[in-house]
Amino acid sequence: MGQGSFCYVKGTPVLEARELTKFYTLGKEKVRALDRVDFTARQGDFTVVNGPSGSGKSTLLNLLALIDRPSAGEVLFEGKPTSTLPERALAHLRREKIGLVFQTFNLIPVLSAAENVEYPLLLTRTPRAERRERVRAILAEVGLSDLARRRPDELSGGQRQRVAVARALVTQPRVVLADEPTANLDSATGKQIMELLQGLNREHCVTFVVVTHDPAVVPYAERVLTIRDGRIGGEERRGEPRPA
Amino acid sequence: MTLTIAARNVLRNRRRTLISLLVIAVGLTILSFVLGFVGEAIRATERSLVMELGALQIGDPRVLDGRASGLEGLIPPEVLERALALVQALPGVTGVTSQIRFAGLVGDAEGSTLLLARGVVPEDCMDEYACVLASGRALGDPVAREIVLGARLAARLGVEAGDRVNVATGTAAGAFNAATVTVVGTVRLADSQAEERLGLVPLGFAQRLLRTDGVERVLVWLDDLDQAPAAAAALADSFSAAGVPLGVRRWDELTPFFSSIATFWRAFSGFTTLAVFVLVFFSVLEVLTIAFLERTREVGTVRALGASRGRVFVGFVSEGLLLGALGGLLGVASGIALSLLFNALGLSFVPPGGNMPQPIRVSVGAATVGPPFLVALGATLLASLYPAGKNARLTVVEALRAL
């Protein structure tokens, strides 16, 4: 993937949340889903945000992924504030610098595995030859070379999530945000996926932020944030930063 | 890949797509057939009128406009000669002939009846009558005392080819004149009323009977009827420049009823087109709205991956257009097939007031294929705009939350 060069800046802040707050209106009631959250994801980090259902994990991830706007506070991407950016600029950041992995894989059903992986490169207007080469390489890396032509409905849950991971990484993003990536997988497949993410993080220095309520995911993190009732309740560092 | 995705999405729910395609195809088949029928009806009327009247007529403006009788505005030979020279210089002229129309009586010792006669140059225009000859032969000698009668008139008089009848009329100077002529043939005309009064005589004989050396009007045929307005204007200019005191009228100016008929048929076509458009629009709108709604989550996904609203919008609209294009091709193809099949049946009918069966044909061409195809594209495009716009306007989070 040619991203090893990013590691020379390991530790540089990629994604930061400052006093991030999000309200939802339910009928006449205003619900605080996220309450003044501060968070920094640095280059090469593998962070797990852990918490029970309804704790605000997905809300935080949506805000960090720039697919939702905060009620208050700020998300900084590579040190630059994003709250005043128009939707067009946010879409640009998402396609160029953010990779997303969804709980339910969210593959486009009419496209093959390879085409699903190729899709983000079409959005970045990557030349055809380069697209094909990158898709081939990333599918090999996630172990799906032989299944490239299969449609999502012809793949197992684990294979689909591998396609989703390949799709998230194919644009060589600065950060990959994963929302409950193991929630729809059996434990053995979930373990394989987490090992894949961990390997990609270690090999390519890609920054990962994974939100989950699955305790089996926690051991893969260097850093674990616990979120409860919309607030970061604690932070645990489980490993030393690895040398670039 | 936008088109690839659109194409695959069109095929995603085959049953639904098939129903949409059938609705479009049936609507377009009907439209294509109706446009072909109407087009042919207008063209057949046009052909028939131009065959009889010429593409242009030249004569005294008062006569051409019906403000004076033919005998009041005859074209003298020297003026005719100059006019014909200018007509021959006109590009695209395929035929020219002179005529005199006059009214009189035709009959024998037993009785007489009204005659609406035309003095014609046999070699110029008897071909058109020869093809509908009911009996006998066409006129031949340009000055002979011969007449071809409408078949109904001949039957009323109880005469047939070879019999002799008397023709009486007023001369150009207003005196009475009469002659005995030989019936050489009878003709059938589409218009039964005209057939009850028509008599064709050689122009030379008509001039002798009317005691004139002039003609009433000159008929001009062109190789391209669409050039009639330009040719009429050019001829009027050259007459004016040369001091020829004649007017020029196009065939459609001489038949104001034609524009009413054509307007009626075009309004009928327009109404059918609108009805098919509305049918296709609402059918496709319903199908696309459901299809797009089912894919709201996919919209959320591609937007989250960085696709712009415009890209999402274009993707959905492409899908609608693709459906329209497929349905359009199917509809146009079946419309052509139906028209060809219909023409192969060789059906005909006798129009009200008519005398002869007229073939019912349906034309097939760009005019019957293009508009229906555009209706399919237009209706599906319009039908896709609302659901596509609605999906594209959703926020990413809203779209991702959809079930």
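By convention in this document, chain letters (A, B, ...) are assigned in the order of the sequence lines, proteins followed by strands, and residues within each chain are numbered from 1.
Counting heavy-atom neighbours within 6.0 Å of A/R18 CZ, excluding the residue itself, gives a total above 12. Other residues, nucleotides and ligands place more than 12 heavy atoms under 6.0 Å from the OH atom of A/Y24. Open room surrounds CG on A/D229; 12 or fewer heavy atoms of other groups in view lie less than 6.0 Å from it. Heavy atoms of other residues, nucleotides or ligands lying less than 6.0 angstrom from CD of A/E130 number more than 12.
For chain B, the nearby part of A/R167 is the side chain; its heavy atoms alone come within less than 4.5 Å. Contacts between A/E96 and chain B at a heavy-atom distance below 4.5 Å are absent for every atom of the residue. For A/D68, the parts lying under 4.5 angstrom from a heavy atom of chain B are both the backbone and the side chain.
Looking at every heavy atom in both residues, A/L123 comes nearest to B/L305 through CD1-O, 3.7 Å. Annotation for A/I67 and B/V397: closest pair O-CG2, 3.2 Å, computed over non-hydrogen atoms.
Residues B/R297 and A/T104 bring a donor and an acceptor atom of their side chains to less than 3.5 Å of each other.
Side-chain atoms of B/R295 and A/P109, non-hydrogen and from C-beta on, never get closer than 4.5 Å to each other. In this structure the side chain of B/E298 never reaches within 4.5 angstrom of the side chain of A/N106, judged on heavy atoms. Proximity of A/L122 to B/R311: side-chain heavy atoms (C-beta onward) are separated by under 4.5 Å at one or more points.
Between chain B and the options A/R88, A/R151, A/R69, the largest number of non-hydrogen pairs under 4.5 Å is found for A/R151. Between chain A and the residues B/T395, B/I5, B/T4, B/L11, the most heavy-atom pairs under 4.5 angstrom are made by B/I5.
Between B/T301 atom OG1 and A/L100 atom CG the span is 9.5 Å, to the nearest 0.5 Å. Atom CD of residue A/E87 and atom CZ of residue B/R303 lie 4.5 Å apart, to the nearest 0.5 angstrom. Rounding to the nearest 0.5 angstrom, the gap separating the OG atom in A/S58 from the CZ atom in B/R401 is 9.5 Å.
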